[in-house]
Amino acid sequence: MTLQPRCEDVETAEGVALTVTGVAQVKIMTEKELLAVACEQFLGKNVQDIKNVVLQTLEGHLRSILGTLTVEQIYQDRDQFAKLVREVAAPDVGRMGIEILSFTIKDVYDKVDYLSSLGKTQTAVVQRDADIGVAEAERDAGIREAECKKEMLDVKFMADTKIADSKRAFELQKSAFSEEVNIKTAEAQLAYELQGAREQQKIRQEEIEIEVVQRKKQIAVETQEILRTDKELIATVRRPAEAEAHRIQQIAEGEKVKQVLLAQAEAEKIRKIGEAEAAVIEAMGKAEAERMKLKAEAYQKYGDAAKMALVLEALPQIAAKISAPLTKVDEIVVLSGDNSKVTSEVNRLLAELPASVHALTGVDLSKIPLIKNATGAQV
């Protein structure tokens with residue numbers, strides 16, 4: 001009998017729901033004892049009933065084994081999974097007189113694309129390994145190519161070095177020959193020039209001796225001329241110049257003494273003037289200090305009366321400052337039909353004067369006692 005056990009949405013050990021379909025080949029055992037067991041289990045049932053019993057048994061074991069494995073174990077090693085199901089289910093169906101001839105996994109899939117993701121991951125890994133392999137191959141090829149180029153350059157360098165060494169040896173040998181020829185030529189030329197120099201030296205020596213004799217005579221003549229010129233200068237220039245220098249020196253010394261005396265006199269004059277000015281300033285300061293002292297004592301003695309006197313003294317100055325702008329006015333015209341109105345305005349201004357003074361100085365003129373002057377009038 002061919003059975004197809006199927007387990008849908010069974011969770012694996014990792015909790016991933018899988019649907020697994022298997023194919024099992026089973027038959028009733030022919031041994032007498034096991035055949036008797038099968039007859040006991042299935043007597044009176046048709047083939048379909050027998051299939052259903054065995055199928056349910058296989059599906060139960062399949063479901064239980066799925067819960068103990070991971071998706072990777074089920075998917076990657078189906079033969080081991082099928083073997084495990086067969087080994088676990090065989091004793092149970094064997095007790096029913098049924099033998100499992102074969103059991104394989106037909107299909108494994110899921111509804112959440114877990115298996116496809118594993119395939120993509122594996123594909124990516126394979127692709128990555130392929131790319132790495134290509135890159136490593138290209139790298140090895142590049143390294144090998146560079147090594148070959150290096151070997152070629154080394155060989156070329158060695159060949160060039162040998163050629164250069166040969167050229168250098170040739171040039172050195174050639175230079176040695178040329179140097180030897182030049183030395184011999186120079187020695188001959190030097191010997192010739194040395195002999196000529198010796199002859200020239202002899203000629204020059206005789207010329208120098210002649211020049212020395214002529215120079216000695218010329219020096220003697222020049223010495224006599226110098227003595228004569230010196231005497232002439234002493235008589236015509238030096239003596240008058242010394243006399244003039246002495247005169248100028250005497251005049252300069254006299255002028256110097258004069259300037260020194262004038263400077264001393266001027267300094268003494270400035271000092272005297274400074275002392276006099278200082279004495280005047282000191283006297284004025286003392287007088288001002290004494291005046292301020294007496295004035296302060298008087299203010300302290302008379303108290304409010306002194307303050308009142310200061311205020312009264314300051315009133316004319318205040319009035320002058322207030323009326324200062326009016327000095328620039330050529331003419332003032334009062335427009336009023338009533339002569340008495342001008343008088344009333346003047347009286348009003350006079351009446352407001354004590355209040356203004358009190359606001360400016362803090363002195364109340366209305367509280368000043370009236371006194372009589374020498375004429376008997378109240379002030």
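Position 1 is the first residue of the sequence; numbering continues from there.
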> Under the side chain to side chain donor-acceptor pair (under 3.5 Å) criterion, do E268 and Q264 qualify, and how do the steps go?
Replying inline: CA-CA 6 Å; E268 185 66 20; Q264 291 176 352; over 6 Å; no
> Can you name the residues that form a side-chain hydrogen bond (donor to acceptor under 3.5 Å, both in side chains) with E225, not counting sequence neighbours?
Replying inline: R228
> Under the side chain to side chain contact (heavy atoms under 4.5 Å, CB included) criterion, do F103 and V26 qualify, and how do the steps go?
Replying inline: CA-CA 9 Å; F103 181 85; V26 300; over 6 Å; no
> Do I100 and V37 share a hydrophobic cluster, counting only Ile, Leu, Val, Met, Phe, Trp and Tyr and linking them when any side-chain heavy atoms are less than 4.5 Å apart?
Replying inline: no
>> For E147, is there an ion pair with K150 - N to carboxylate O distance below 4.0 angstrom?
In response: no
> Can you tell me how far NZ of K51 sits from OG1 of T2, rounded to the nearest 0.5 angstrom?
Replying inline: 7.0 Å
>> Minimum heavy-atom separation for P5 and A24, please, with both atom names.
In response: CD-N, 4.4 Å
> So does Q201 have more than 12 non-hydrogen atoms from other groups sitting under 6.0 Å from CD?
Replying inline: no
Hey, can you pull the donor-acceptor pairs under 3.5 Å for the side chains in residues 204-220, sequence neighbours left out?
unit_1	atom_1	unit_2	atom_2	d
R204	NH1	E207	OE1	3.3
R215	NH1	Q218	OE1	3.2
Q218	NE2	E222	OE2	3.2

> Does L55 belong to the same Ile/Leu/Val/Met/Phe/Trp/Tyr cluster as V53, with side-chain heavy atoms less than 4.5 Å apart forming each link?
Replying inline: yes
>> Here's a test for you: under side chain to side chain contact (heavy atoms under 4.5 Å, CB included), which of L3, D107, T104 qualifies with V23?
In response: T104
> E8: what forms a side chain to side chain contact (heavy atoms under 4.5 Å, CB included) with it, not counting sequence neighbours?
Replying inline: R6, T19
>> Taking side chain to side chain contact (heavy atoms under 4.5 Å, CB included) as the definition, give me every residue that meets it alongside L84, ordered by chain and number, with sequence neighbours left out.
In response: I65, L69, V88
> Apart from V280 itself, what residues make up its hydrophobic cluster, given side-chain heavy atom links below 4.5 Å?
Replying inline: M284
> Using links of under 4.5 Å between side-chain heavy atoms of ILVMFWY residues, direct or through other members, which residues join M29 in one cluster?
Replying inline: L34
> Under the side chain to side chain contact (heavy atoms under 4.5 Å, CB included) test, which residues partner D79, sequence neighbours left out?
Replying inline: D77
>> Test of understanding: clusters of I, L, V, M, F, W, Y form through side-chain heavy atoms closer than 4.5 Å, transitively. Do V47 and L35 belong to the same one?
In response: yes
>> For the CG atom of D154 and the NZ atom of K149, what is their distance to the nearest 0.5 Å?
In response: 14.0 Å
> Should the pair E275-R271 be classified as a salt bridge under the 4.0 Å nitrogen-to-oxygen rule?
Replying inline: yes
> Tell me, which pairs form a side chain to side chain donor-acceptor pair (under 3.5 Å) where one or both residues lie in residues 52-67, sequence neighbours left out?
Replying inline: Q48-N52, H61-D92
> For residues 20-41, which residue pairs qualify under salt bridge (Lys or Arg N to Asp or Glu O under 4.0 Å), counting only residues two or more places apart or in two chains?
Replying inline: K27-E99
> Does some side-chain heavy atom of E255 sit less than 4.5 Å from a side-chain heavy atom of Q259?
Replying inline: yes
> Quick one: OG1 on T161 to NZ on K156, what's the gap to the nearest 0.5 Å?
Replying inline: 9.5 Å
> Using a side-chain heavy atom cutoff under 4.5 Å and only I, L, V, M, F, W and Y, what cluster partners does L172 have?
Replying inline: none
> At what distance, to the nearest 0.5 angstrom, does CD of E11 lie from CG of D110?
Replying inline: 12.5 Å
>> Using side chain to side chain contact (heavy atoms under 4.5 Å, CB included), reason through L262 and E266 one step at a time and then give a plain yes or no.
In response: CA-CA 6 Å; L262 288 175; E266 184 66 21; over 6 Å; no
> Which pairs, with at least one residue in residues 162-187 and sequence neighbours excluded, count as a side chain to side chain donor-acceptor pair (under 3.5 Å)?
Replying inline: none
>> Among residues at least two apart in sequence or on other chains, which ones pass side chain to side chain contact (heavy atoms under 4.5 Å, CB included) with E277?
In response: I273
> For the atom pair CG (D49) and CG (N46), what is the distance rounded to the nearest 0.5 Å?
Replying inline: 4.0 Å
